[in-house]
Amino acid sequence: RYNDNISNLSTFFIDYNGASGVVTKDNLKRALTISGLIELLTDCELDVVFKCFSVDRKRNQMFDFKNFLFVTSELYKM
């Protein structure tokens with residue numbers, strides 16, 4: 001089940017901004033909503049995840065989904 005969710009998330013993120021590896025917070029929320037994973041997080045938890053994996057791009061905070069997917073896959077292996 002986990003691998004399916006990660007695969008799906010990767011697809012959603014790539015749809016929003018594939019080549020760069022980053023998406024806006026709104027696109028993060030959209031991807032989590034479409035995948036059904038948004039229901040597992042409180043607003044506070046979502047903010048923490050965004051802050052932990054955010055990077056500055058042209059003076060905007062963006063979500064580094066490639067790093068997020070890598071870290072979550074490594075955690076799943078544990």
Side-chain angles (χ1 to χ4, degrees):
R1 174 101 176 127
Y2 172 81
N3 288 332
D4 291 342
N5 287 338
I6 293 300
S7 257
N8 290 341
L9 269 183
S10 179
T11 302
F12 296 133
F13 288 136
I14 289 169
D15 286 346
Y16 291 123
N17 201 357
S20 71
V22 298
V23 294
T24 64
K25 188 172 186 179
D26 286 341
N27 285 341
L28 167 63
K29 288 180 181 179
R30 285 184 187 105
L32 293 174
T33 299
I34 292 169
S35 68
L37 295 175
I38 194 80
E39 298 167 8
L40 302 174
L41 298 171
T42 65
D43 289 339
C44 184
E45 290 168 332
L46 180 62
D47 288 342
V48 169
V49 168
F50 182 78
K51 287 177 186 173
C52 288
F53 292 95
S54 66
V55 293
D56 287 328
R57 294 285 164 94
K58 298 180 183 177
R59 299 182 189 194
N60 292 320
Q61 289 291 310
M62 302 290 282
F63 183 73
D64 182 349
F65 72 83
K66 286 185 179 181
N67 190 34
F68 171 75
L69 294 175
F70 173 76
V71 170
T72 55
S73 68
E74 290 298 309
L75 287 172
Y76 180 72
K77 291 178 186 177
M78 297 178 121

Atom CG in D56, atom CD in Q61: separation rounded to 0.5 Å?
4.5 Å
Hey, could you give me the OG/CG distance between S54 and N67, rounded to the nearest 0.5 Å?
11.0 Å
Does anything in residues 22-51 pair up under salt bridge (charged side-chain N to carboxylate O under 4.0 Å, His left out), and if so which pairs, sequence neighbours excluded?
K25-D47
Same hydrophobic cluster for V48 and F70, using side-chain heavy-atom links shorter than 4.5 Å among ILVMFWY?
no
Candidate pair V23 and F12, rule side-chain contact (heavy atoms from CB on, under 4.5 Å), full reasoning:
CA-CA 10 Å; V23 294; F12 296 133; over 6 Å; no
Working to the nearest 0.5 Å, report the span between CG of L69 and CG of L9.
6.5 Å
Partner of V22 under side-chain contact (heavy atoms from CB on, under 4.5 Å), picked from N27, L28, V55, is V55
Only counting residues at least two apart or in another chain, list the ones meeting ring-ring contact (aromatic ring centres under 6.0 Å, His included) with F50.
none
Ring pair (Phe, Tyr, Trp, His ring centres under 6.0 Å) with F53: which of F65, F13, F68?
F68
